[in-house]
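Have a look at the structure below before the remarks.
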Amino acid sequence: MSVLFRRGHAPRVVSTLAAIVLACGCLSSAQSSTAKPAATPAPPATSGTKSGFAIESEMLTYTAMDTQGQAVACGIARNVGAADEKCSPRAVSGPGAGIVVVASPSSALSEFQLWRADLANMRMLTLRANHYCPQNSRDRGATASSSSLGSTILSMIPGGQALSFAQALFSSSSESNPVEGNIGDQALVADIAGHLRALGLSVVIPDTYMPRSLAAVDNAHSPFMSNVAALLKARDCLTASPAERQPDHTASPDAEHGPATEKGPQGESDKQAEGDKQAIGQAIDAFLKSLADTHVPAPPASSSGTTPPPEPVISHLSAVLRADGLAQELGSASGESQSGENGTWYLLWLKALESGGTVAKTGNAILGNKTNFSGGAVGTYSLFRLSGNVVCSGVFYNYAGPMQMSQIAKMLRGTVDAPPAGRLAGGCAANP
């Protein structure tokens with residue numbers, strides 16, 4: 001400083017320092033005068049608007065989810081034998097494993113349960129009706145052509161119900177998903193499903209697209225329609241006359257005098273049999289009538305006072321045919337075996353729990369301000385065998401950032417590495 005003074009720069013230095021001090025004083029005064037309004041909290045956001053949304057933070061949120069989704073898919077693939085220790089696809093002989101991916105809640109599960117219940121009901125009624133049918137009648141029913149199945153079904157429905165049944169069977173029906181739009185669940189399902197498919201696993205997302213929904217019903221390979229055909233043949237046997245059910249080659253000479261009224265234990269047994277056949281026939285008719293029913297009962301009121309989501313507007317028949325397509329894709333005619341002709345299948349349940357981010361601004365009046373963005377996501381999942389046993393389950397969460405806007409653009413272009421995998425509590429590991 002003494003040198004500067006000796007060289008005559010003192011006035012310039014003093015004036016510069018004075019300008020800086022004056023500017024800082026003015027800035028401090030301005031800040032103090034506006035301190036109270038700045039400290040006043042912002043008014044709450046009005047209804048229907050998003051407060052604090054930043055697309056940069058959203059990109060980091062989904063990046064964190066995708067990174068963790070890749071780790072989840074890797075653990076699942078290793079567990080079912082589809083990937084090696086480095087998460088590279090592993091060659092398998094024969095049909096590989098498959099994953100049915102559902103979110104929470106899922107209409108596919110309730111439809112599949114309805115399908116299984118209908119199959120069990122039809123098999124029970126067919127078994128009871130076949131008790132009164134001769135063996136050759138059952139064989140003819142098993143080998144009947146499937147081309148006449150539609151007309152046979154309609155002939156067994158009461159006249160007043162035939163039209164509505166035909167409309168439910170052959171017409172397209174609209175459906176409204178009872179699940180409110182949740183982009184978190186949808187994005188998580190699609191993301192992990194894509195990673196699983198990249199590892200060579202077969203993947204089905206029934207709530208997005210039920211298998212064979214856009215294909216014609218194949219009566220020959222449809223488990224549901226095959227059971228309907230067998231049920232109708234058994235119903236026809238119940239309504240046939242005794243001579244049609246079983247020809248009598250040992251008729252006595254007294255038969256020409258007309259049937260005699262049977263008495264005693266044999267007569268009582270025949271009376272009970274006729275009553276049983278009538279009850280079975282009524283049960284079959286009621287079941288067939290229920291297939292055309294599109295009435296959906298109102299959901300019970302919630303104890304919390306909130307309005308429950310609307311029930312799906314879909315007929316009974318449409319629901320079970322949707323599930324029937326899923327059963328065919330799984331290669332299981334009963335829905336009770338986890339291994340079908342298309343390989344071993346698992347059910348993956350996913351739920352996006354939380355997601356969000358922050359926008360942090362730092363700096364001062366001299367150096368300027370810097371804005372950093374960050375984002376994170378939390379989710380959970382469970383992997384089941386179709387028998388119901390849990391293979392593995394866990395909670396995963398990840399965080400990306402903080403990053404400046406320029407770094408986010410470079411990360412999306414691939415010139416900056418994406419954030420590493422986060423935390424996986426529990427979760428799938430390789431099979432021992």
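Because the structure is a prediction, the values reported are computed rather than measured.
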For the student: nearest non-hydrogen atoms of G375 and T61, plus distance: CA-OG1, 3.5 Å
With sequence neighbours excluded, residues passing side chain to side chain donor-acceptor pair (under 3.5 Å) with D118: H316
Of all pairs that satisfy salt bridge (charged side-chain N to carboxylate O under 4.0 Å, His left out), the ones with a partner from residues 124-133, not counting sequence neighbours: R128-D276
Pair E274 + K271, salt bridge at N-O below 4.0 Å: no
pair R235-L238: side-chain heavy atoms closer than 4.5 Å: yes
Residue pair R385, V391: steps toward the side chain to side chain contact (heavy atoms under 4.5 Å, CB included) verdict: CA-CA 7 Å; R385 292 186 175 90; V391 178; 3.6 Å; yes
Beyond-backbone contact of D66 with Y62, side-chain heavy atoms, under 4.5 angstrom: no
Minimum side-chain heavy-atom gap F396-T380 below 4.5 Å: no
Check: A54 main-chain N/O paired with S57 side-chain donor or acceptor under 3.5 Å: no
Electrostatic pair K351:D185 at N-O distance under 4.0 angstrom: yes
CD1 on I76 to OH on Y381, rounded to 0.5 Å: 5.5 Å
Side-chain heavy-atom pair V100, L348 within 4.5 angstrom cut-off: no
Nearest-0.5 Å distance, CD1 of residue I99 to CG of residue L347: 9.0 Å
Worked check of side chain to side chain contact (heavy atoms under 4.5 Å, CB included) between D285 and Q282: CA-CA 5 Å; D285 292 340; Q282 291 174 352; 5.5 Å; no
Partner set under side chain to side chain contact (heavy atoms under 4.5 Å, CB included) for S222, not counting sequence neighbours: F224, M225, D324, Q328
Rounded distance (nearest 0.5 Å) linking atom SG of C74 with atom NE2 of H195: 11.0 Å
Side chain proximity check, P419 to T63, heavy atoms < 4.5 angstrom: yes
Side-chain touch S202/W345, heavy atoms, less than 4.5 angstrom: yes
Trace of the side chain to side chain contact (heavy atoms under 4.5 Å, CB included) decision for S226 with H221: CA-CA 7 Å; S226 299; H221 297 91; over 6 Å; no
D84 (side chain) donor-acceptor with C87 (main chain) under 3.5 angstrom: yes
Evaluation steps, side chain to side chain contact (heavy atoms under 4.5 Å, CB included), between I192 and V101: CA-CA 9 Å; I192 293 183; V101 185; over 6 Å; no
Summary of side-chain hydrogen bond (donor to acceptor under 3.5 Å, both in side chains) pairs that have at least one residue in residues 391-412, sequence neighbours excluded: S374-Y399
Closest non-hydrogen atom pair, L199 against A77: CD1-CB, 3.4 Å
Student check: side-chain heavy atoms of L424 and Q68 closer than 4.5 Å: yes
Least distance between heavy atoms, A108 atom then M210 atom: CB-CE, 4.0 Å
Which atom of A352 lies closest to which atom of L188, heavy atoms considered: N-CD2, 3.7 Å
Check: R123 side chain, L127 main-chain N or O, donor-acceptor pair, under 3.5 Å: no
Partner of Y346 by side-chain contact (heavy atoms from CB on, under 4.5 Å), out of L386, L383, N79: L383
Atom pair CG/CG of L326 and L109 - distance to nearest 0.5 Å: 9.0 Å
Set of residues satisfying side chain to side chain donor-acceptor pair (under 3.5 Å) with respect to N372, sequence neighbours excluded: none
Atom pair CZ (R78) and SG (C428), whose distance is rounded to the nearest 0.5 Å: 10.5 Å
T126 versus N227, side-chain donor and acceptor atoms under 3.5 Å: no
Closest approach of A64 to A377 (non-hydrogen atoms, all atoms of both residues): CB-N, 4.5 Å
Nearest heavy-atom neighbours spanning E329 and P211: CB-CB, 3.8 Å
Side chain to side chain donor-acceptor pair (under 3.5 Å) partners for N121, two or more places apart: none
Spatial distance of atom CZ (F373) from atom CG (L60) [nearest 0.5 Å]: 9.0 Å
Sub-4.5 Å side-chain heavy-atom contact between W115 and P223: yes
Enclosure of D417 CG (heavy-atom neighbours >12, cutoff 6.0 Å): no
